[in-house]
Protein chains: 2
Amino acid sequence: MQGYDKYAYEPFAVTVDLAVLTLRAGALHVLLVERGQEPYAGHWALPGGFLLPEESAERAARRELAEETGLADVSGLHLEQLRTYSEPDRDPRMRVVSVAFTALLPEPPEPRGGGDAAQARWLPYGSAGPLAFDHDRILADAHDRIGAQLENSCVATAFCPPEFTLGELQQVYETVWGTALDRPNFRRKVLATPGFVEPVPGAARLTGGRGKPAALYRAGTATTLHPPLLRPSREGRPA
Amino acid sequence: MQGYDKYAYEPFAVTVDLAVLTLRAGALHVLLVERGQEPYAGHWALPGGFLLPEESAERAARRELAEETGLADVSGLHLEQLRTYSEPDRDPRMRVVSVAFTALLPEPPEPRGGGDAAQARWLPYGSAGPLAFDHDRILADAHDRIGAQLENSCVATAFCPPEFTLGELQQVYETVWGTALDRPNFRRKVLATPGFVEPVPGAARLTGGRGKPAALYRAGTATTLHPPLLRPSREGRPA
DNA sequence: CGACTAATAGTCGATACGACTATAAAGAGC
DNA sequence: GCTCTTTATAGTCGTATCGACTATTAGTCG
């Protein structure tokens, strides 16, 4: 920062890229757009775009999120900066520095058709061949980050609708981590953490279909999870 | 990213800012440079500078780190991207997007006088009044991040020389967290975590001064800490 | 009605953790 | 030399937490 006066500097194009994740039918899905032009024509890419002159990266990301999902109100959605990708050759045409974000959505709406060319679609995580540019790496980093955050924070509720059952919350963990969890133990842990979830007062119950109806909960006020909810059998614990 | 062809874009200046932390005499210190020119003339600022045309942010950060510390070999130092700051008004002169990094150093060398104007110095954390630009916030974010990482990773060894005692390692935790830890329990926890530290084979011992000589350890190969080493009395656990 | 399904309740043993006491090995001061 | 202080290391004990498991409840489906 202090080098201003001594060194010349090069201007760069700055963009935001969004890894928008959601759960559809018990599987992790990603919002992707199909590229119509070279390079990477026909490949899928993460949605994103350039920063406007008077816009922070956070604001640009939220604007792009609204544009791509077609949602009227994105102000309550969970959006978080992931990291910045700045390899000189990450775009063959020019030097582009990109600030990547992760967004978590409940109940995904069908993405609107977009203006014209690029159509956005929900695709199952990992099903869209190699993505354009370095977007495979960005998406993998986003997945890693979310998985780690489920352990120490309460973001899992960001994947759920305003009222949800503990079974739905558990599915978030199982889907993102790719492991099955013991239901009674998960329940005990979540309810023992103050502020993680709070029961919906009116003995409200939701019947998803078969089985005993489950109690409904809302997201609590807590953001951090102490002690953390560790995923099973990560490297290091052999037996 | 795919918006290229549809939208115009504005070029931005891109810089890196470094929050370089170390321990000197049991206190957390930060590497700061004094600004000679407006704005913020006379204030302290984080070291940093512009990206060169063919340089990634990581490379620029490592180059700046070498320049500011005067160290010949910075290849082994712990350097990690923190986040990117892009508020439109964060620099009054122009639009600057800055990628911030945190660096952890053992045994800090006296910073070299630098080229000419800006002199770099180690100052105790929190002692340098308000910093220039948004550097107070960047530094606070870096401190938060390091504190959290001590819980789940083995980065604490990055603050220590190649061979260190468990007492020194514990001091890293106590200094960054600002809390005292029970020595036998800390020892039990560290030694029970495979790959965190490994003993120096030759019954090597170091006498720092008074007291029984301590065994020496080296950093192990593990990077993540499972289960984590939680700091005491964080919010949420009342009694 | 019975089979099935999913939610909820509860038990039990292993383990990790916080608090604490005890011992060992050095230097400082007398 | 002897004691006091300092720091490292060893070990104990009770509690909270966690993983695995069983049992019960309340619905739907055939």
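In what follows, chains carry the letters A, B, and so on, assigned in the order in which the sequence lines appear, proteins first and then strands, with residues in each chain numbered from 1. Not measured: the values here are computed from a predicted model.
Evaluation of the side-chain contact (heavy atoms from CB on, under 4.5 Å) rule for A:S153 yields A:Q149, A:V155 as partners, not counting sequence neighbours. A:P184 is linked by a side-chain contact (heavy atoms from CB on, under 4.5 Å) to A:D182, counting only residues two or more places apart in sequence or in another chain. With sequence neighbours left out, the ring-ring contact (aromatic ring centres under 6.0 Å, His included) criterion links B:Y217 to no other residue. Residues satisfying the ring-ring contact (aromatic ring centres under 6.0 Å, His included) test with A:H29, not counting sequence neighbours, are none. For A:A128, the side-chain contact (heavy atoms from CB on, under 4.5 Å) test picks out A:L32, A:W44, A:L123, A:L131, with sequence neighbours left out.
Atom CG in A:L169 sits roughly 15 Å away from atom C1' in C:dA7 (whole-Å rounding). Put simply, CG on B:L181 is 11 Å from P on C:dA19, counting in whole angstrom units. Counting to the nearest Å, the C1' atom of C:dC17 and the NE2 atom of B:H226 are 17 Å from each other. Per the geometry, CZ belonging to B:R231 stands 18 Å off C1' belonging to C:dG18, to the nearest Å. Atom CG in B:L229 sits roughly 12 Å away from atom C1' in C:dA16 (whole-Å rounding). Between the P atom of D:dT9 and the CD atom of B:Q170 lies a distance of 11 Å, rounded to the nearest Å.
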When every nucleotide of nucleotides 8-15 of chain C is labelled 5' to 3' by its protein contacts under 4.0 Å (heavy atoms), B for base, S for sugar-phosphate only, - for none, what sequence of letters results?
-> BBBB----

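By the 4.0 Å N-to-carboxylate-O rule, A:R145 lies too far from A:D141 to be salt-bridged with it.
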